[in-house]
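See below for the structure under consideration.
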Amino acid sequence: IYISLGDGVEDIAASNREWNLYPNPADALLTLTCDRFPDAGSRVLVFDGTGRIIAERSATSSHIERECSDWAAGVYLVRSGNWHGRVAVR
């Protein structure tokens, strides 16, 4: 998994979080965990290769699962707050 953090004060706090996105590559179920999301109800967005949002939900716990078996094979960007990671779907 590729994890990249941007610039800014909020990024310092984000870098102190433990993020996991698995399995990678995924084929049926994608799991995102974080020891604490940036804000209560943080939005988690999934973008396809064209930048279109294909999935969105609010983080209500530190463990989020998302069915991905109907997604086309490719690489997707998963984003929450100022954190983002890439996952491949086969």
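In what follows, every heavy atom counts, from backbone to side chain, and hydrogens, waters and symmetry copies are set aside. If you read the sequence from its start, that first residue is 1, and numbering goes on from there.
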| Is there side-chain contact between V44 and L32, with heavy atoms separated by less than 4.5 Å? | yes
| What residues, two or more places apart in sequence or in another chain, satisfy ring pair (Phe, Tyr, Trp, His ring centres under 6.0 Å) together with F47? | none
| query | Quick one: side chain to side chain donor-acceptor pair (under 3.5 Å) partners of D27, sequence neighbours excluded? | reply | none
| query | Quick check: does any side chain N or O of T33 sit under 3.5 Å from a backbone N or O of S62, one acting as donor and the other as acceptor? | reply | no
| remark: On a heavy-atom basis, the closest approach of P23 and L29 is CD-O, 3.3 Å
| said: If I take atom CG from residue L45 and atom CD from residue E56, how far apart are they, to the nearest 0.5 angstrom? | reply: 5.0 Å
| Closest heavy-atom contact between V46 and Y76? | CG1-CB, 4.1 Å
| Got a second to check how far E67's CD is from L30's CG, nearest 0.5 Å? | 10.0 Å
| remark: Here the gap from N20 atom CG to C34 atom SG, rounded to the nearest 0.5 Å, amounts to 9.0 Å
| said: Once rounded to the nearest 0.5 Å, what's the spacing between atom OG1 of T31 and atom CG of N24? | reply: 11.5 Å
